[in-house]
Amino acid sequence: MSPLPFHTYSKLMRLTLLGSLLGNTIVAIAEPGPTPATEAWQELQQQLRTTRNFRLGAPFNVHVLEDGDRVLYQKAIPPSTSAAVYEFNRKTGVETKVLDAEMLGAGDGPVSAEEKALRERLRLLTGGISFYDNNPQGDWILTPVKGKLFLFDRKTQKSREIGAGKGAAFGPKIAPDDQKVAFVRDSNLYVAPLSGGPAVAVTKGGTEEKSFGVAEFIAQEELNRKDGFWWSPDSQTLLLQAIDQSHVERLSIADPFRPDAEPQRPYYPRPGKANAKFRFGFVSAKGGPITWIDFGKEAFEYIGPVQWSKHGKPSFLLLNRLQNEARLVAADPKTGRTQMLIKETDAAWVDIDRTIPLWLPQNQGFIWASERTGTKRLELHDEKGALVRMISPENLHVRNVLGASKDGRTIYYEAAEDSIASSIHASSIADGSTRTVAAREGGSVGNSSSFHDRVLAARITNLKGEDKTVMRGWNDEQEHIIPSAAAEPVMKSNAVIERIGPQAIRTILIRPSNFDPKKKYPVLEHAYGGPSSLQVRASGRAYLEDQVLADALQAVVVRMDTAGTQDRGRDFEKAIFKKFGSLPVNDHAETLKLLCAQHPELDANRIGVFGWSYGGYFAAYAVLARPDVYKAGVAGAPPVDWEDYDTAYTERYLGLPEKDQEAYASSSVLTLLKPERRSKTPKPLLVIHGTADDNVYFFNSMKLIDSLERAAWPYEFLPLMGQTHMIADAELDSRRFDRTLAFFRQHLAIAK
């Protein structure tokens, strides 16, 4: 979701649960016996925990420098989780450490509430240098640390604080002229010279309730927009957002361990209730009056991605409340007047893509992406918005636009011919002729950097376990591997992809390392099931956690992507509209039946299910609705009643609660526990949830537990104290896994 694109949760989630508490029990202390031999899966489990799923040490946040031969990037060298900035030169093959947080001498200082919230939205798991920016030549780096902004000069190896003042600085953006930086402090927008000198407040009067320059929760979590201000191409003007949350509902997050502490009170709009109000306007970088944008009288509820490039006017994606109508508009910075360029409608919802529009040089118009033909394809539009021609071929499902050549004649983008794998392509805007720039047989290639017209930085993965980040030219195939300090797994995933049934459901089976086809194995489905996430991918390392579970329990772990998932056409993806629980759960259940029929080693009478966030919802719904298939489930951080999740995500897929009551009722886990709907063959459920979760709030699981108790349904419950939607505590992570193993061993009759 968002309850994570839930695609990120499959990387972060680790199945956890605190072990049972010992009561007043006298324990006899015996002489220690021989230490049991450690099995390979146990070593892999330890590696996953200490390496953050093998991402510690791997390069991320790559910036290609102006010369095209060097890149900057971040990585944290295990076992440290503190990220630093490095440079790699593909000509010399030399890697250089450029900057870490200790070199700045930041001391102690507060991190802004906005940065804490953004880190949670981005699911950041590293410390040290979390964000950075640089000039095109890479001579200096700007980074916020401990709430302060530092400029590090690589030539002198010295740093200085920029725009010093009271309050933590958040979200710095360097102006295109590389002379100044804008940032948010105490809910106001500031500009400071990079050469030194005081910061100037561009806005005044900002508060937590009514702020400037910060994107609201809904924009960050659901609308593909993390920013609340943008620089003009000439560096003279700022486009900013002002938000008013005075009418937004506030929920409470209390600390059970500290009943004397004031609870957190985040703004969190739930379906049918008020969203934040906002305005967008232009202001001089020196301060002064704001020219507010007039978006017209037609009702709209949200603003998604915002673009302001040197080739086009500031453009905004406006969405109505149901998100089944979208308008792309351009604004005049001098007058604030707007011009509508494109209107998109869909009977279900309009997809939001932060990489479009891409404005082209020489008044050629802009690139847009649409599903109006069934496949998400690229289109060329003129400056007034009229469609000129289709660009990308019909067999490619475009995932995101990367950029254009300097002359604007070639468009580069990431796309999928099959939902399992992605590749990089280039198309001519003149005639749509297309070539594959980077692909991997049996694997995927995904963009990993800011766009550069000469060089691509890409992450390459395959089912055999390859995982590397490379630099290469757009027009040559020579790869230069960006150095990684990530550990190598002690074992690989024993994963095989299959296509099941008449819809060719993409399914992956992860078998035990010592798999014996003559034996009968219990089945565990690692579920997600919601929109905007793909569980079956050409990446062996994505299934290492599943491999641990498969080996530990001697079970076959299964994932699948049924109707409602992306990259298989508009109709396949949007079949889930207003059918959150019933469609995916029934499709998964029937696919599992087919899978067991095709593979006699799979025991159809011992199928369990587990998942996190939407996957946790799926697990709970599956156990309650389809006990004929699912015999036990582990539900992590589940949204159980969709009237308690956020507006933009929920209403996009289910509609408004006052008008679509049946969609909400049929999608609620709680409905399945009502006496008239309750199964006569209850199957056990283990529910886990972090008490400080600010995405899927803890009270979701409390509601579920209350209903389970009233129904006398067999369940176990583990609250994870102080944990958010990401479970970062290593000790809880380890105990959660042990508890999960014990739960499935007990309820799927698995011998220890």
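Values reported hereafter were calculated over all heavy atoms of this structure, with side chains retained and with hydrogens, waters and symmetry mates removed.
- Taking OG1 of Thr434 as the reference point, atom CG of Asp431 lies at 8.5 Å (rounded to 0.5 Å).
- Heavy atoms of other residues, nucleotides or ligands lying less than 6.0 angstrom from CG of Leu387 number more than 12.
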Step by step, work out the side chain to side chain donor-acceptor pair (under 3.5 Å) result for Tyr413 and Ser392. CA-CA 9 Å; Tyr413 55 96; Ser392 62; 4.9 Å; no

Could you walk me through whether Glu466 and Arg440 pass the salt bridge (charged side-chain N to carboxylate O under 4.0 Å, His left out) test, one step at a time? CA-CA 11 Å; Glu466 180 183 28; Arg440 192 58 110 236; 3.6 Å; yes

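- Leu317 and Trp368 get closest at one heavy-atom pair: CD1-CH2, 3.9 Å.
- Residues Asn447 and Ala457 come closest through the heavy atom pair OD1-O, 3.4 Å.
- Among all heavy-atom pairs drawn from Phe278 and Glu216, the shortest one is CD2-OE2, 4.3 Å.
- For the residue pair Asp453 and Ser405, no side-chain donor N or O sits within less than 3.5 Å of a side-chain acceptor on the partner.
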Determine whether Arg154 and Glu87 satisfy the following criterion, salt bridge (charged side-chain N to carboxylate O under 4.0 Å, His left out), listing intermediate values before the conclusion. CA-CA 11 Å; Arg154 295 185 62 187; Glu87 179 188 274; 2.7 Å; yes

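- The minimum heavy-atom distance between Asn475 and Arg435, with the atom names listed, is OD1-NH2, 2.7 Å.
- Heavy-atom contacts from other residues, nucleotides or ligands closer than 6.0 Å to CD of Gln157 number more than 12.
- Looking only at distances, no side-chain donor or acceptor of Thr375 sits under 3.5 Å from a matching main-chain atom of Arg377.
- Using modelled atom types, one side-chain atom of Thr355 and one backbone atom of Val401 make a donor-acceptor pair closer than 3.5 Å.
- Between Leu189 and Val214 the shortest side-chain heavy-atom distance does not fall below 4.5 Å.
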Could you check Asp69 against Lys91 for salt bridge (charged side-chain N to carboxylate O under 4.0 Å, His left out), going step by step and ending with a plain yes or no? CA-CA 6 Å; Asp69 293 322; Lys91 279 191 172 181; 3.6 Å; yes

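- Side-chain contact check for Pro357 versus Leu328: some heavy-atom pair is nearer than 4.5 Å.
- Remark: side-chain polar atoms of Ser444 are paired, donor with acceptor, to backbone N or O of Ser422 under 3.5 angstrom.
- Judged by distance alone, the side chain of Gln362 and the main-chain N or O of Gly408 form no donor-acceptor pair under 3.5 Å.
- The backbone N or O of Pro361 sits less than 3.5 Å from a side-chain atom of Gln364, completing a donor-acceptor pair.
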Pairs of donor and acceptor atoms involving the side chains of residues 172-180, under 3.5 Å and at least two apart or interchain, shall be tabulated with distances.
from: Lys173; atom 1: NZ; to: Asp227; atom 2: OD2; distance (Å): 3.4
from: Lys173; atom 1: NZ; to: Phe229; atom 2: O; distance (Å): 2.3
from: Asp177; atom 1: OD1; to: Gln179; atom 2: N; distance (Å): 2.9
from: Asp177; atom 1: OD2; to: Lys180; atom 2: NZ; distance (Å): 2.7
from: Gln179; atom 1: NE2; to: Asp177; atom 2: O; distance (Å): 3.3
from: Lys180; atom 1: NZ; to: Ser235; atom 2: O; distance (Å): 3.4

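- For His381, the side-chain hydrogen bond (donor to acceptor under 3.5 Å, both in side chains) partners are Glu379, not counting sequence neighbours.
- Counting heavy atoms from C-beta on, the side chains of Trp231 and Val191 come closer than 4.5 Å.
- The ring-ring contact (aromatic ring centres under 6.0 Å, His included) with His63 is formed by just one residue from the set Phe88, Tyr132, Tyr73, Tyr86; it is Tyr132.
- Within the structure, the salt bridge (charged side-chain N to carboxylate O under 4.0 Å, His left out) test picks out the following pairs touching residues 381-405 (sequence neighbours left out): Arg399-Asp567.
- Asp351 is listed as a side-chain neighbour of Glu371, based on a closest heavy-atom distance under 4.5 Å.
- In this structure, Arg409 places its CZ atom where only 12 or fewer heavy-atom neighbours from other residues, nucleotides or ligands lie under 6.0 Å away.
- Panel note: side chain Gln220, backbone Ile218; no donor-acceptor pair is recorded below 3.5 Å.
- A salt bridge links Lys75 and Glu95; the closest N-O separation between the charged side-chain nitrogens and carboxylate oxygens is under 4.0 Å.
- Across Pro79 and Leu56, no two heavy atoms sit closer than the pair O-CD1, 4.4 Å.
- Within the 4.5 Å cutoff, side-chain heavy atoms of Thr143 are placed close to those of Leu104.
- In summary, of the residues considered (Lys468, Arg472, Arg90), a salt bridge (charged side-chain N to carboxylate O under 4.0 Å, His left out) with Glu479 occurs for Lys468 alone.
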Listed pairs under 3.5 Å, donor-acceptor, residues 304-314 side chains, sequence neighbours left out:
from: Gln307; atom 1: NE2; to: Arg354; atom 2: O; distance (Å): 2.7
from: Ser309; atom 1: OG; to: His311; atom 2: N; distance (Å): 3.4

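- The side-chain contact (heavy atoms from CB on, under 4.5 Å) search around Ser423 returns His425, Ala439, not counting sequence neighbours.
- Evaluation of the side-chain contact (heavy atoms from CB on, under 4.5 Å) rule for Arg279 yields Trp292 as partners, not counting sequence neighbours.
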Could you walk me through whether Trp474 and Tyr412 satisfy the ring pair (Phe, Tyr, Trp, His ring centres under 6.0 Å) test, starting with their C-alpha distance in whole Å, then the side-chain angles of each, then the deciding distance to 0.1 Å, before giving a yes or no? CA-CA 9 Å; Trp474 289 107; Tyr412 301 100; 4.0 Å; yes

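- In this structure, Phe280 has its ring center under 6.0 Å from that of Phe316.
- Nearest heavy atom pair, residue Ala426 against residue Thr410, reads CB-CG2, 3.8 Å.
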